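Nothing here was measured: the structure is a model prediction, and the numbers come from that model.
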Amino acid sequence: GLSQLMSMRYGTLPIVRETGGLKDTVKAYNEEDNTGNGFSFEQYTAHDMLYALQYANKIYSNNKNAWYEMQKRAMKEDFSWESSAREYEELYNSL
C-alpha cells in the first residue's frame, strides 16, 4: 500500500480498487463537489477498472482545472507518522 502514497506525493493521481488501505487513502474524485485525490473502482472486474481509467482520462482531457486542483489536493495529503500520532492523541484526549 505505498505506491498510491508515493503517487499522490508527486502529483500522479492514483487509480485504485476500493479495498483496504487503498480505500482509506484514495478518495474518489467527485465532479459535483470537486473533491477527491484520485480515482477508484469497487468491483474486481475488468469492466470497472476500464470505466475508472476512461473516467480519469475524460477529466484529464476535458477539465484540466479540476485535474490540477486534484493534483494539489493529493500532494497536500499527510500520511506521516506524526500526523497519525496527532490523530490518536486527539482521539485519546476526547475520551
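- For Asp24, the side-chain contact (heavy atoms from CB on, under 4.5 Å) test picks out no residue, with sequence neighbours left out.
- Closest approach of Asp48 to Thr45, counting heavy atoms only: N-OG1, 3.1 Å.
- Listed by chain and number, the residues in a side-chain hydrogen bond (donor to acceptor under 3.5 Å, both in side chains) with Ser80 are Asp78 (sequence neighbours excluded).
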Determine all donor-acceptor pairs shorter than 3.5 Å in which one atom belongs to a side chain in residues 34-42; sequence neighbours excluded.
residue : atom : partner : partner atom : Å
Asn37   : OD1  : Lys27   : N            : 2.6
Asn37   : ND2  : Thr25   : O            : 3.2
Asn37   : ND2  : Glu77   : OE2          : 3.0
Ser40   : OG   : Glu18   : OE2          : 2.7

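- In terms of heavy-atom proximity, Ile15 sits nearest to Ala52 at CG2-CB, 3.9 Å.
- Formation of a donor-acceptor pair under 3.5 Å by the Ser61 side chain with backbone atoms of Asn57 is found in this model.
- Every side-chain contact (heavy atoms from CB on, under 4.5 Å) that Lys58 has, sequence neighbours left out, goes to Glu31, Tyr55, Asn62.
- Pairs passing the salt bridge (Lys or Arg N to Asp or Glu O under 4.0 Å) check and including a residue from residues 3-13, sequence neighbours excluded, do not occur.
- Considering CG of Asn65 and CE of Met70, their distance stands at 11.5 Å, rounded to 0.5 Å.
- For Tyr68, the ring pair (Phe, Tyr, Trp, His ring centres under 6.0 Å) test picks out no residue, with sequence neighbours left out.
- A heavy-atom distance below 4.5 Å is not found between the side chains of Tyr10 and Met75.
- The other members of the hydrophobic cluster of Met8, by chain and number, are Leu2, Leu5, Met6, Val16, Leu22, Val26, Phe79 (side-chain heavy atoms under 4.5 Å, ILVMFWY only).
- Distance check, rounded to the nearest 0.5 Å: CD1 of Ile59 to CD of Gln54 gives 12.5 Å.
- Checked by atom type and distance alone, the side chain of Gln71 pairs as donor or acceptor with a backbone atom of Gly11 at under 3.5 Å.
- Cluster membership check: Tyr29 shares its hydrophobic cluster with Tyr60, using side-chain heavy-atom separations under 4.5 Å among Ile, Leu, Val, Met, Phe, Trp and Tyr.
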Show which side-chain atoms of residues 88-95 pair as donor or acceptor with protein atoms under 3.5 Å away, not counting sequence neighbours.
residue : atom : partner : partner atom : Å
Asn93   : ND2  : Glu89   : O            : 3.2
Ser94   : OG   : Leu91   : O            : 2.7

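- More than 12 heavy atoms of other residues, nucleotides or ligands lie within 6.0 Å of NZ in Lys64, so this atom counts as buried by the packing criterion.
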